[in-house]
> 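Got a structure for you, questions after.
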There are 2 protein chains.
Amino acid sequence: MTQKQEQLSKNQQIVLNIIEKAKGPLKAYSILYNVQKRGIKAPLQVYRALEKLIEIGKIHKIESKNAFIACKNSDCEISKATAFSICNNCEHVKEIKNTKLSKYLSNFEDNSGMKYKKYNLEFFGLCKDCKLKQ
Amino acid sequence: MTQKQEQLSKNQQIVLNIIEKAKGPLKAYSILYNVQKRGIKAPLQVYRALEKLIEIGKIHKIESKNAFIACKNSDCEISKATAFSICNNCEHVKEIKNTKLSKYLSNFEDNSGMKYKKYNLEFFGLCKDCKLKQ
DNA sequence: CTTAATTTGTTATAATATAACGTTTGTTAT
DNA sequence: ATAACAAACGTTATATTATAACAAATTAAG
Ligand SMILES: [Zn+2]
Ligand SMILES: [Zn+2]
Ligand SMILES: [Zn+2]
Ligand SMILES: [Zn+2]
């Protein structure tokens with residue numbers, strides 16, 4: 001009976017709740033500010049929770065923004081393979097769920113024949129809304 | 001007569017030289033340390049040079065490492081489309097030059113039919129050397 | 001219960017990056 | 001050449017992001 005669903009600790013649950021409620025990616029110190037009423041006082045408490053949540057695939061880090069977003073892709077293999085679209089104007093971020101893309105990248109071989117299990121892809125452009133407004 | 005070759009300023013040239021000589025990506029403060037003998041004293045001088053060098057496509061930022069590497073891909077469209085392989089063990093970083101991959105990603109349409117001109121892809125795995133040593 | 005592993009709390013500090021300001025240098029057009 | 005503008009520079013201070021170190025508390029397993 002493999003216990004698949006990890007049991008989150010108190011701080012991990014608090015941090016995850018904030019991130020899941022947010023409309024977009026949150027920065028660590030913005031998370032800290034938001035959870036201070038719930039007893040988390042120091043950056044490290046936030047970073048530790050973030051580390052664990054990333055490890056188990058509940059959230060991802062948007063590297064180009066140093067921000068954290070909840071995983072919306074249930075098929076995500078534990079943070080191994082991630083792809084996002086990022087709007088240059090409104091900063092809207094969306095996790096891309098596209099089987100063809102993920103297959104293509106997971107099977108990609110570089111010129112030396114090497115394959116990679118893990119990748120992070122960030123696309124930049126204008127989201128629909130921002131494109132219309134221009 | 002369009003002057004295609006940008007003329008670099010003094011600081012930009014100094015910073016670029018350091019990065020081009022390096023075997024791998026350099027961090028901003030490591031660059032700063034390396035160029036202090038050449039008159040650059042403050043972080044901002046380095047960051048300004050880095051910004052410009054990225055803008056004209058001479059270097060790229062490895063987002064997952066907060067480090068900077070010289071462009072080895074002459075076809076790189078001014079930092080618009082970048083892909084790297086990163087070794088989890090020895091931290092070796094290599095820019096991927098693969099026409100199929102770049103075409104695939106440049107033409108990629110997400111589920112809403114949106115295309116992206118700019119992207120950054122970072123693959124993680126074990127480089128050849130490290131794989132052998134295991 | 002006992003032991004080991006994980007999580008927590010706390011303080012301090014490291015590492016990365018930008019704001020603000022005035023000066024200097026380089027380019028362009030008259 | 002020189003006025004006008006843009007780009008780059010120098011400098012100080014500060015903001016932002018992230019980790020080290022250590023002790024206490026909690027949880028999971030035998
Ligand atoms: Zn995901
Ligand atoms: Zn937008
Ligand atoms: Zn390049
Ligand atoms: Zn390696």
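Per chain, numbering begins at 1; letters A, B, ... match sequence-line order.
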> Quick check on side chain to side chain contact (heavy atoms under 4.5 Å, CB included): which of B:Leu8, B:Ile59, B:Leu50 does B:Val15 satisfy it with?
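Going through the options one by one, the only one that passes is B:Leu50.
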> Between C1' on D:dC9 and CG on B:Leu8, what's the gap in Å once rounded to a whole number?
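About 15 Å, once rounded to whole Å.
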> Select base, sugar-phosphate, or nothing to describe what A:Gln45 touches, counting heavy atoms under 4.0 Å on all strands.
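Contact class for A:Gln45: base.
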> In whole angstroms, how far is the P atom of C:dT7 from the CD1 atom of A:Ile14?
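Nearest whole value for this atom pair: 14 Å.
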> B:Val35 pairs by side chain to side chain contact (heavy atoms under 4.5 Å, CB included) with which of B:Ile40, B:Asn17, B:Asn11?
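Passing option: B:Ile40.
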> In Å, rounded to the nearest 0.5 Å, how long is the span from CG of B:Asp129 to SG of B:Cys90?
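One finds 7.0 Å between CG of B:Asp129 and SG of B:Cys90.
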> Where each pair must be Watson-Crick or G-U wobble with both distances under 3.5 Å, what dot-bracket representation of DNA chain C is obtained, with crossing pairs in [ ] and other-strand partners as |?
||||||||||||||||||||||||||||||
> Under a 4.0 Å heavy-atom cut-off, which of residues 15-36 of chain B touch DNA chain C?
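DNA chain C contact set from residues 15-36 of chain B: B:Lys27, B:Tyr29.
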> Would you say that more than 12 heavy atoms from the other residues, nucleotides or ligands in this model lie under 6.0 Å from the CD of A:Glu51, or not?
no
> Assess the residue pair A:Glu91 and A:Lys65 against the criterion (salt bridge (charged side-chain N to carboxylate O under 4.0 Å, His left out)); give the C-alpha distance rounded to whole Å, side-chain angles, the decisive distance to 0.1 Å, and a yes or no.
CA-CA 9 Å; A:Glu91 311 236 309; A:Lys65 294 193 169 299; 3.3 Å; yes
> What nucleic acid atoms does A:Lys65 come within less than 4.0 Å of, heavy atoms only: base, sugar-phosphate, or nothing?
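Here A:Lys65 touches no strand at all.
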> Calculate the interatomic distance between B:Lys10 atom NZ and D:dC9 atom C1'; express it in whole Å.
8 Å
> Just by distance, do the side chain of A:Glu20 and the backbone of A:Ala70 share a donor-acceptor pair under 3.5 Å?
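Such a contact is absent between A:Glu20 side chain and A:Ala70 backbone.
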> Looking at B:Ser9, I'd like to know whether one of its side-chain N or O atoms comes within less than 4.0 Å of OP1 or OP2 on D:dA7.
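Checking B:Ser9 against D:dA7: no side-chain N or O falls below 4.0 Å of OP1 or OP2.
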> For each nucleotide in nucleotides 24-30 of chain D, reading 5' to 3', give B when a protein heavy atom comes within less than 4.0 Å of its base, S when such contact involves only the sugar-phosphate, and - otherwise.
-------
> How close or far is atom P of D:dA8 from atom CD1 of B:Ile40, stated in whole angstroms?
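The distance from CD1 of B:Ile40 to P of D:dA8 comes to 14 Å, rounded to the nearest Å.
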> Measure the distance from NZ on B:Lys41 to C1' on C:dT23 and round it to the nearest whole Å.
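It is 15 Å, rounded to the nearest whole Å.
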> Atom CG of B:Leu44 to atom P of D:dT16: distance rounded to whole Å?
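The distance from CG of B:Leu44 to P of D:dT16 comes to 16 Å, rounded to the nearest Å.
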> Could you tell me whether a side-chain N or O of A:Gln45 sits under 3.5 Å from a main-chain N or O of A:Ala42, the two making a donor and an acceptor?
yes
> Which value, rounded to the nearest 0.5 Å, describes the distance between A:Ile54 atom CD1 and A:Lys52 atom NZ?
12.5 Å
> As a test of understanding, state which of A:Val46, A:Asn34, A:Leu32 forms a side chain to side chain contact (heavy atoms under 4.5 Å, CB included) with A:Ile18.
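The option that passes is A:Asn34.
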> Please state how far atom OH in A:Tyr47 lies from atom P in C:dA15, giving the value in whole angstrom units.
15 Å
> Do A:Phe123 and A:Phe84 have their ring centres less than 6.0 Å from each other?
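Between A:Phe84 and A:Phe123, which both carry aromatic rings, the centre distance is not below 6.0 Å.
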> What is the distance, rounded to the nearest whole Å, between atom CD of A:Gln12 and atom C1' of C:dT8?
11 Å
> Could you please spell out the steps behind the ring pair (Phe, Tyr, Trp, His ring centres under 6.0 Å) verdict for B:Phe108 and B:Tyr116?
CA-CA 7 Å; B:Phe108 174 77; B:Tyr116 304 87; 7.1 Å; no
> If you assign each of B:Pro43 and B:Gly39 to its closest nucleotide in DNA chain D, which residue comes earlier from the 5' end?
B:Gly39
> Hey, which of these two, B:Lys61 or B:Arg48, hits DNA chain C nearer its 5' end, going by closest nucleotide?
B:Lys61
> Could you tell me whether the phosphate oxygens of C:dA17, OP1 or OP2, come under 4.0 Å of any side-chain nitrogen or oxygen in B:Asn66?
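Checking B:Asn66 against C:dA17: at least one side-chain N or O falls below 4.0 Å of OP1 or OP2.
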> Rounded at 0.5 Å granularity, tell me how far CG in B:Asn88 sits from NZ in A:Lys117.
8.5 Å
